[in-house]
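So that the names make sense, note that chain A is the first sequence line, chain B the second, and so on, each numbered from 1.
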Number of protein chains: 2
Amino acid sequence: MPKPEVDPTVSLDLSVDRSSPVPLYFQLSQQLEAAIEHGALTPGSLLGNEIELAARLGLSRPTVRQAIQSLVDKGLLVRRRGVGTQVVHSKVRRPLELSSLYDDLEAAGQRPATKVLVNTVVPAPAEAAAALGVAEGAEVHRVERLRLTHAEPMAYLCNYLPSGLLDLDTGQLEATGLYRLMRAAGITLHSARQSIGARAATAGEAERLGEDEGAPLLTMERTTFDDTGRAVEFGTHTYRPSRYSFEFQLLVRP
Amino acid sequence: MPKPEVDPTVSLDLSVDRSSPVPLYFQLSQQLEAAIEHGALTPGSLLGNEIELAARLGLSRPTVRQAIQSLVDKGLLVRRRGVGTQVVHSKVRRPLELSSLYDDLEAAGQRPATKVLVNTVVPAPAEAAAALGVAEGAEVHRVERLRLTHAEPMAYLCNYLPSGLLDLDTGQLEATGLYRLMRAAGITLHSARQSIGARAATAGEAERLGEDEGAPLLTMERTTFDDTGRAVEFGTHTYRPSRYSFEFQLLVRP
DNA sequence: GTAGTTCGATTGTCCGGACATACGCATTGA
DNA sequence: TCAATGCGTATGTCCGGACAATCGAACTAC
């Protein structure tokens, strides 16, 4: 009697294209990720061992390990020495990325409207100057935006950018969000320091967001750095808590 | 005339102990990280190339690459093909970890006091049951705690845990925090889904935290999973925004 | 029946090499 | 003067192999 098949990857039609410029480990990791997302690899199931998988695909073990490792880093797989590699249960998914609010909502299917209130060059206020590492009063870009869903205000965003970093077109800003524009301008984002808090709305904030004075607001302050260590953006955002909250997943670094 | 020294790692006294059970790449990455933290490797400086570094330490290039890669993943280093590996500027540091509030404050030097208000077994409310994946009304642990700094309340924490997962000693809870207890019980934390929002304080919340009714509160809801995909904790926390905010760093995954 | 031991399976670590690819800089050419 | 080209250098990718550490289960001994 034939042993029942225990390795779910054999029925998966995995293959790599050696003539493609995309790295082999990346091709493999993408196929595995798609299989997990699609349900072909069920949560909790064990992937067959690396050696055999490598042999079946005509790859070396280091390459297969690199593919698997990238999914482990994403939190989709768990490795156990002496046991094997397991698909984590489906509840546990969705990564924490450096994404803009626009990206968040777009992914959620709600296309938010953006209204640019201010897009100009101003002398840097003390707080923005400190965050961006420029002299107080130096020229910086200031962008004020209002985010709306279903014609209702949801967030008020105020951002400062170093002058001359990129030219901010109001039309593009309303169409595509600040982070996409920076990436498109060749800026490689590296990291951001964030601070999330809450406070009572001032009269001006209340009016802008359609709340009452003293109503609770969710606030976020963020400084974003590119990979050279330059601060490329500083923003203070206020959200209506009835219409927005921060949702994300944390991964434990082993 | 001798060429000036450009590789800052040569004056660093790096060495590995091959008789140690700790992996070589980890020994190296720790020493490099210490050098960065200590300032011996200044921000923006280039690390000498991997080949030479490997030769100097008597290691192979894959091992050195693994060490460097782990620091890249932490956001401390940046690699550029054809250029070299650079130390990121010092402003950009501090990782985002799955840490408890207790850990946060301990790191900040403020030892918070914890008062356990409730530590008992209750039938699971609907919300907690859904998050933990148990039947509504099933037995779960319920822990209510008050966090104080300088004898002032700062946060009210309400947590649910699956029954039988670990025994929660009130004394230990006040001394060391929930996450440490779980780790100590052999639970390997994997990830957590968090949601941060804000709302006006109810009368009961206001009294517990020493605020006025209607005052803005910062709220956090979290479900934590271990590496088998089990939910091991569900908590709803409320913070006084004047005394606490969430600060963390996001890293861009390249 | 229970506790301790052995053993197979699997991932973890490490090696030494090879070629590809992209970046910065100097050289060359218009 | 300025743009295109070529070259050195560094990381990126990939290979095939070796041994160690650990887990789980079957097995043995008491």
Side-chain angles (χ1 to χ4, degrees), chain A residues 3 6-10 16-30 32 44-73 77-88 186 188 227-228 253-254, chain B residues 3 6-10 16-30 32 44-73 77-88 186 188 227-228 253-254:
Chain A
K3 194 171 125 196
V6 287
D7 181 353
T9 63
V10 298
V16 292
D17 174 12
R18 301 195 89 98
S19 69
S20 163
V22 39
L24 301 178
Y25 75 91
F26 192 74
Q27 293 184 36
L28 178 54
S29 73
Q30 277 199 320
L32 289 175
S45 66
L46 264 70
L47 257 55
N49 73 49
E50 303 168 344
I51 314 270
E52 192 201 338
L53 183 56
R56 204 163 65 239
L57 290 169
L59 298 172
S60 70
R61 183 156 91 111
T63 302
V64 172
R65 275 184 67 79
Q66 194 174 359
I68 291 176
Q69 187 59 45
S70 72
L71 298 181
V72 171
D73 292 339
L77 297 177
V78 176
R79 316 172 92 138
R80 293 166 186 277
R81 184 190 300 211
V83 180
T85 304
Q86 251 180 326
V87 182
V88 302
T188 28
D227 58 1
T228 71
R253 282 206 311 254
Chain B
K3 194 171 125 195
V6 287
D7 181 354
T9 62
V10 298
V16 292
D17 175 11
R18 300 197 86 98
S19 67
S20 163
V22 40
L24 301 179
Y25 76 91
F26 192 74
Q27 294 183 37
L28 178 54
S29 72
Q30 278 199 320
L32 289 176
S45 64
L46 264 69
L47 258 54
N49 74 49
E50 302 168 345
I51 313 271
E52 192 201 336
L53 183 55
R56 205 163 65 241
L57 290 170
L59 298 173
S60 69
R61 184 156 88 108
T63 302
V64 172
R65 276 184 67 79
Q66 193 173 0
I68 291 176
Q69 187 59 45
S70 72
L71 298 181
V72 172
D73 292 340
L77 297 177
V78 177
R79 317 173 90 139
R80 293 168 187 276
R81 180 190 302 211
V83 181
T85 304
Q86 250 180 326
V87 181
V88 303
T188 32
D227 59 0
T228 70
R253 281 206 312 253

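The side-chain heavy atoms of Leu46(A) and Thr85(A), taken from C-beta on, include no pair separated by under 4.5 Å.
If you take CG on Leu71(A) and CG on Leu47(A), they are separated by 9.0 Å, rounding to the nearest 0.5 Å. Note that CD of Gln86(B) and CG of Leu77(B) are 9.5 Å apart. Values are rounded to the nearest 0.5 Å.
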Every protein N/O within reach of nucleotides 7-10 of chain C N/O, cut-off under 3.5 Å:
{"unit_1": "dT10(C)", "atom_1": "OP2", "unit_2": "Asn49(A)", "atom_2": "ND2", "d": "3.1"}
{"unit_1": "dT10(C)", "atom_1": "O2", "unit_2": "Gly82(A)", "atom_2": "N", "d": "3.2"}

Please tabulate, one pair per line, each protein N/O and nucleotide N/O from nucleotides 16-19 of chain C that are separated by under 3.5 Å, including the distance.
{"unit_1": "dA18(C)", "atom_1": "N6", "unit_2": "Arg61(B)", "atom_2": "NH2", "d": "3.4"}

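Within residues 18-26 of chain A, no residue is approached by DNA chain C to less than 4.0 Å at the level of any non-hydrogen atom.
Pairs passing the salt bridge (Lys or Arg N to Asp or Glu O under 4.0 Å) check and including a residue from residues 57-72 of chain B, sequence neighbours excluded, read Glu50(B)-Arg61(B), Glu50(B)-Arg65(B).
Distance Leu77(B) CG to dG12(D) C1': 16 Å, rounded to the nearest Å. Atom CD of Gln86(B) is separated from atom P of dA10(D) by 14 Å (rounded to the nearest Å). Distance, Ile51(A) CD1 to dC15(D) C1': 13 Å, rounded to whole Å. We find that CG of Leu46(B) is positioned 15 Å from P of dC23(C), with the value rounded to whole Å. Distance CG (Leu28(A)) to P (dC15(D)): 11 Å, rounded to an integer number of Å. The CD-P distance, from Gln69(A) to dG12(C), rounds to 7 Å in whole Å. Rounded to an integer number of Å, the gap from CD of Gln66(B) to C1' of dG12(D) is 16 Å.
Judged as a salt bridge (Lys or Arg N to Asp or Glu O under 4.0 Å), and not counting sequence neighbours, the contacts of Arg56(A) are Asp7(A), Glu52(A). Scored by the side-chain contact (heavy atoms from CB on, under 4.5 Å) test, Ser45(A) finds Pro8(A), Thr42(A), Val87(A) as partners (sequence neighbours excluded).
Between dG12(C) and Arg65(A), a contact under 4.0 Å exists linking OP1 or OP2 to a side-chain N or O. For Thr63(A), a side-chain nitrogen or oxygen approaches OP1 or OP2 of dC15(D) to under 4.0 Å.
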